Amino acid sequence: MPVSIHRDWQVQARQLEKRRRAALEAYARQKRAAVRKEDKKSNETSQKSTEDEEKAKRKEKKNKRKTTKLPTPKKAPHQEQRAIKIQAWWRGTLVRRTLLHAALRACIVQRWWRQVQARQLEKRRRAALEAYVRLKWAAVRVQSCAQMWRVRQRYCRLLHAARIIQGYWRWHNCHTSGFFQGRYELAANQLGLELEIFLGSQICRITNCIPFPIKN
């Protein structure tokens, strides 16, 4: 059981790692798309602001011309457009840098927090597995002790019954079967007999001397 649980835990850990990687990639893609959108918006806003500034400058110039009516030196439109483009580009680069720094910091914090969560989950899983293994081992020990006690009781009962049956059978054999043995001696004028008869647990001994001639 512990080996299968460990394998299941490894499979789940791999699946979680794959899901995390996919989520990180999706989050990075979303961040890139958001940064691109924000860059576009910043460029559009910078262009609008430059257009508004140009309109305001033109209005101011017209007002000055109306008030003073003096000839003003004209600036080259190419230089103004180049300056505006450089300013917009610089502002866009600054915005991109700030957004990239913010996104990188957010990614670092998220990765650290996810690592902390993964460690906590791993600790909890290990604690749960250890508790499950302990409970399983305790249940197996209790079951083995109970089964051993039952088998021992049954064996003791059978042994006691076998001993009772053996005792009764031996008593029956001793009381139903028997044998005898003996010896004799011949002398000149008599016959000596010694007999031993065994009937169960009882022994009967007979000794007799029969004189010659034997009558009946």
Side-chain angles (χ1 to χ4, degrees), residues 1-140:
M1 289 295 292
V3 175
S4 63
I5 292 164
H6 185 65
R7 288 178 181 173
D8 295 335
W9 178 76
Q10 286 181 351
V11 172
Q12 289 178 1
R14 289 174 183 172
Q15 290 178 357
L16 284 170
E17 190 67 24
K18 288 180 181 178
R19 289 177 184 174
R20 286 172 189 166
R21 288 179 181 175
L24 283 171
E25 289 177 357
Y27 179 76
R29 289 173 185 171
Q30 290 177 0
K31 278 287 182 183
R32 290 171 185 170
V35 169
R36 288 175 183 173
K37 288 180 181 179
E38 288 178 356
D39 290 337
K40 289 180 181 178
K41 287 180 181 179
S42 63
N43 290 326
E44 289 177 358
T45 52
S46 63
Q47 288 177 0
K48 287 180 181 179
S49 63
T50 53
E51 288 176 358
D52 293 332
E53 287 177 357
E54 286 179 357
K55 287 180 181 179
K57 286 179 181 179
R58 287 174 185 175
K59 286 181 182 179
E60 287 177 358
K61 286 177 183 179
K62 286 180 182 179
N63 292 324
K64 285 179 182 179
R65 285 175 184 175
K66 286 178 181 179
T67 53
T68 57
K69 292 181 180 181
L70 294 171
T72 55
K74 294 181 180 180
K75 291 182 180 179
H78 297 289
Q79 292 180 357
E80 289 180 358
Q81 288 179 0
R82 288 174 184 175
I84 291 163
K85 286 180 180 179
I86 290 165
Q87 289 175 359
W89 172 77
W90 180 247
R91 288 172 185 172
T93 52
L94 289 174
V95 172
R96 288 171 189 171
R97 283 180 186 176
T98 53
L99 289 172
L100 284 170
H101 283 295
L104 287 171
R105 289 171 185 173
C107 287
I108 289 164
V109 173
Q110 286 176 356
R111 284 178 184 175
W112 173 77
W113 180 244
R114 284 169 184 171
Q115 286 177 359
V116 171
Q117 285 183 345
R119 289 174 186 172
Q120 289 179 356
L121 283 171
E122 190 174 357
K123 286 181 182 178
R124 289 175 186 173
R125 283 173 184 170
R126 285 182 181 177
L129 283 170
E130 288 177 358
Y132 177 76
V133 170
R134 287 175 185 172
L135 289 171
K136 198 73 176 176
W137 182 249
V140 170

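Fair warning: this is a prediction, and the values are worked out from it, not measured in the lab. Heavy-atom basis, side chains included; hydrogens, waters and symmetry copies ignored.
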Compile the donor-acceptor pairs under 3.5 Å between side chains in residues 23-36 and protein atoms, sequence neighbours left out, one pair per line.
residue, atom, partner, partner atom, Å
Y27, OH, K31, NZ, 3.4
Y27, OH, Q110, NE2, 3.2

Criterion side chain to side chain contact (heavy atoms under 4.5 Å, CB included) on W112 and I108, from CA distance to verdict: CA-CA 6 Å; W112 173 77; I108 289 164; 5.5 Å; no
Any side chain to side chain donor-acceptor pair (under 3.5 Å) pairs touching residues 93-102, not counting sequence neighbours? D39-R96
Within this structure, what is the CG-CZ distance for the pair L121 and R114, rounded to the nearest 0.5 Å? 13.0 Å
Looking at E130 and R126, does any basic side-chain N land under 4.0 Å from a carboxylate oxygen? no
Under the salt bridge (charged side-chain N to carboxylate O under 4.0 Å, His left out) rule, what pairs show up with a residue in residues 98-110, not counting sequence neighbours? none
Calculate, to the nearest 0.5 Å, the distance between atoms CZ and CD belonging to R119 and E122 respectively. 9.5 Å
